[in-house]
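Below is one structure, written out as structure tokens, with a few remarks after it.
The figures that follow rest on heavy atoms only: side chains count, while hydrogens, waters and symmetry mates do not. We're numbering straight along the sequence, starting at 1.
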Amino acid sequence: MSARKIYYWFSALLAFGMGCHSTIYGPFLRSIGLSLGEIALVNVVYWVVIILAELPTGMLADGRSRAWSLKMGVAIYGVGAFIYMLSIGFWSAVTAEAILGIGSAFLSGTQQAWIADGLTREGNSHELRKVYATETLIRTIMFLTAGFCGSAIATFSYRLTWLPLSLAAVIILIFCHRQMNGQGEPAERMTEFQAFHASWNLLISSRSLKWVTATMIVFGLIVSYNHYWSIYFEPKVGTVGLSWIWLLIILGVMPSGWLVRRLSIGIGKEGFMITVSLFLSGLGIYMIALSSGLLVPCIGVIVHEFGRGMIQPLTDSFVQHRIGSSYRATFGSLQSLLGRIGFALVPLIVWILIDGQPNSVETIELIWLVCGSGLIFGAFVLFLVRPKHT
């Protein structure tokens with residue numbers, strides 16, 4: 001099986017498992033007794049664990065094996081989902097989030113590095129951005145399907161929405177064992193510390209890579225939208241109705257993947273489009289926060305998702321063009337470690353600011369108003385200082 005087909009299947013199976021609980025994540029946490037502030041706090045734990053584990057796991061992927069790292073990540077995801085299914089309160093949720101964070105760290109950077117070198121080995125490195133964008137479309141379709149399944153499962157039990165991720169993890173492990181045979185490994189193997197040294201030197205010497213890291217930090221302002229969208233919309237549309245909001249989310253993401261696939265700009269020259277995607281992400285959140293009723297918030301969902309759907313394939317293409325084969329996973333983890341500072345700081349600040357505030361839609365709207373404004377302002381600043389050359 002070709003590297004791209006393995007990559008697509010891996011992403012599709014993982015997306016389905018994760019998508020089943022995505023539509024009900026917020027209501028599930030509320031059902032086991034967490035407040036809006038505590039939801040933000042458990043996600044601080046998730047992102048802090050990722051930040052702490054990012055670099056060691058990326059170094060292991062380059063130094064030992066990327067396929068091994070992907071298997072480890074998936075296996076740990078499965079364990080975390082199973083613990084979440086049995087959770088009964090704040091501390092069990094913290095435990096589950098910490099385990100999921102470790103699993104995410106093993107996958108972060110490694111997936112992108114694996115396919116980048118897999119395509120290079122097959123002589124298709126020029127198709128990297130197209131493959132990233134196609135993967136976004138496939139992942140989106142699987143999330144859509146899983147979201148409907150998760151909403152249906154939630155009518156019986158919120159807890160059972162975590163079971164598909166554990167089952168998907170088992171299937172992916174079997175698939176990886178049978179299909180991953182060295183396609184995405186580095187052309188020349190470095191030790192873990194050699195990979196770290198090369199990654200650090202490249203980051204501090206490249207204005208473009210420092211710029212894209214800054215965009216990832218600003219992008220962290222979306223995280224509170226992820227936490228609260230289902231809580232915000234459930235009173236308006238009901239639990240089953242969340243699947244239709246999920247459909248709007250997918251309808252926003254799918255055209256963005258199609259657009260990135262058809263971009264005619266050179267690989268590595270995506271800076272302008274990255275700032276556009278940040279702006280649209282912020283605009284969509286801002287529209288939801290300032291609107292009443294259902295129509296304008298639904299339009300805001302589509303605008304937001306269209307913008308954020310472009311981010312990953314654009315930034316992955318922008319970065320992979322600039323780094324060497326032997327330390328791709330390590331560099332991806334180093335950059336993710338720095339970029340995800342925003343994903344940890346935002347929910348921490350939210351928890352501090354809303355502690356003691358009512359668990360209401362008005363509180364959520366206030367959070368989103370601030371985050372949407374921050375994304376729009378950040379996009380404008382990054383547009384002004386964006387790199388003009390590769």
Do you know which two heavy atoms are closest between Ala96 and Ile83, and how far apart they sit? CB-CG2, 4.0 Å
Applying a strict under-4.5 Å side-chain criterion to I, L, V, M, F, W and Y, I'd like to know whether Leu294 and Ile364 cluster together. yes
Around atom OH of Tyr286, are there more than 12 heavy atoms of other residues, nucleotides or ligands at under 6.0 Å? no
Would you say that more than 12 heavy atoms from the other residues, nucleotides or ligands in this model lie under 6.0 Å from the CH2 of Trp244, or not? no
Go through Trp114 and Ser69 one step at a time and tell me if the side chain to side chain contact (heavy atoms under 4.5 Å, CB included) criterion holds. CA-CA 10 Å; Trp114 188 90; Ser69 182; over 6 Å; no
Between Val94 and the options Leu41, Val45, Val49, the side-chain contact (heavy atoms from CB on, under 4.5 Å) test singles out Val45
Apply ring pair (Phe, Tyr, Trp, His ring centres under 6.0 Å) to the pair Tyr84 and Phe28, showing each step before the final yes or no. CA-CA 10 Å; Tyr84 237 144; Phe28 165 76; 5.6 Å; yes
hydrophobic_cluster_shared for Val79 and Met72, side chain cutoff 4.5 Å: yes
Side-chain donor/acceptor of Ser151 to backbone N/O of Phe148, under 3.5 Å: no
Compare every heavy atom of Leu209 with every heavy atom of Thr213, then report the nearest pair and how far apart it is. OG1-O, 2.8 Å
How about Arg66 and Asp117: do any of their side-chain heavy atoms sit closer than 4.5 Å? yes
Could you tell me if the side chain of Gln312 sits less than 4.5 Å from the side chain of Tyr132, heavy atoms only? no
Evaluate Ile88 against Arg159 for side chain to side chain contact (heavy atoms under 4.5 Å, CB included), listing each step before the verdict. CA-CA 10 Å; Ile88 55 174; Arg159 294 181 181 278; 4.0 Å; yes
Could you report the tightest heavy-atom contact between Gly17 and Leu165, atom names first, then the distance? O-CB, 3.5 Å
Give a yes or no on whether Leu86 atom CG has more than 12 heavy-atom contacts from other residues, nucleotides or ligands under 6.0 Å away. yes
Closest approach of Met180 and Ala67, non-hydrogen atoms and distance? SD-CB, 3.9 Å
Other residues, nucleotides and ligands only: do more than 12 of their heavy atoms fall within 6.0 Å of CZ on Phe90? yes
Taking side chain as C-beta onward, heavy atoms only, is Trp229 less than 4.5 Å from Ile249? yes
A quick test of your reading: do over 12 heavy atoms of other residues, nucleotides or ligands sit less than 6.0 Å from CH2 of Trp211? yes
Evaluate the side-chain proximity of Tyr77 to Leu100: yes if any heavy-atom separation is below 4.5 Å, no if none is. yes
Hey, mind stepping through Tyr232 and Trp368 against ring pair (Phe, Tyr, Trp, His ring centres under 6.0 Å) and telling me if it holds? CA-CA 11 Å; Tyr232 174 85; Trp368 287 353; 5.1 Å; yes
Could you tell me if the side chain of Leu119 sits less than 4.5 Å from the side chain of Tyr7, heavy atoms only? no
Tell me whether Thr57 contacts the main-chain N or O of Ala105 through its side chain, where contact means a donor paired with an acceptor under 3.5 Å. yes
Measuring only between side-chain heavy atoms, which start at C-beta, is Pro347 closer than 4.5 Å to Val44? yes
Under the rule for side-chain hydrogen bond (donor to acceptor under 3.5 Å, both in side chains), what residues qualify as partners of Tyr225, not counting sequence neighbours? Glu305
Hydrophobic clusters here meaning ILVMFWY residues chained together by side-chain heavy-atom distances under 4.5 Å, can you tell me if Leu248 and Met287 are in one? yes
Pair Thr23, Phe233 - check side chain to side chain contact (heavy atoms under 4.5 Å, CB included), show working. CA-CA 10 Å; Thr23 53; Phe233 280 106; over 6 Å; no
Hydrophobic cluster identity match, Leu295 and Val237, side-chain contacts under 4.5 Å: yes
Might you work through the side chain to side chain contact (heavy atoms under 4.5 Å, CB included) test for Phe272 and Thr275, ending with a clear yes or no? CA-CA 5 Å; Phe272 170 73; Thr275 60; 4.3 Å; yes
Heavy-atom nearest pair, Ile172 first then Leu13, reads CG1-CB, 3.6 Å
Looking at Arg308, is its backbone amide N or carbonyl O close enough to the side chain of Ser277 to form a donor-acceptor pair, meaning the two atoms are under 3.5 Å apart? no
Is there side-chain contact between Trp47 and Leu345, with at least one heavy-atom pair below 4.5 Å? no
Evaluate the side-chain proximity of Phe219 to Thr215: yes if any heavy-atom separation is below 4.5 Å, no if none is. no
Is there a path from Val276 to Val381 through hydrophobic residues (I, L, V, M, F, W, Y) whose side chains come within less than 4.5 Å of each other? no
side-chain hydrogen bond (donor to acceptor under 3.5 Å, both in side chains) partners for Arg30, two or more places apart: none
Does NZ belonging to Lys71 count more than 12 external heavy atoms closer than 6.0 Å? yes
More than 12 heavy atoms of other residues, nucleotides or ligands under 6.0 Å from CZ of Phe377: yes or no? no
Where do Leu34 and Ala93 come nearest, in terms of heavy atoms and distance? CD2-CB, 4.4 Å
Are any side-chain N or O atoms of Thr155 and backbone N or O atoms of Ala152, one a donor and one an acceptor, separated by less than 3.5 Å? yes
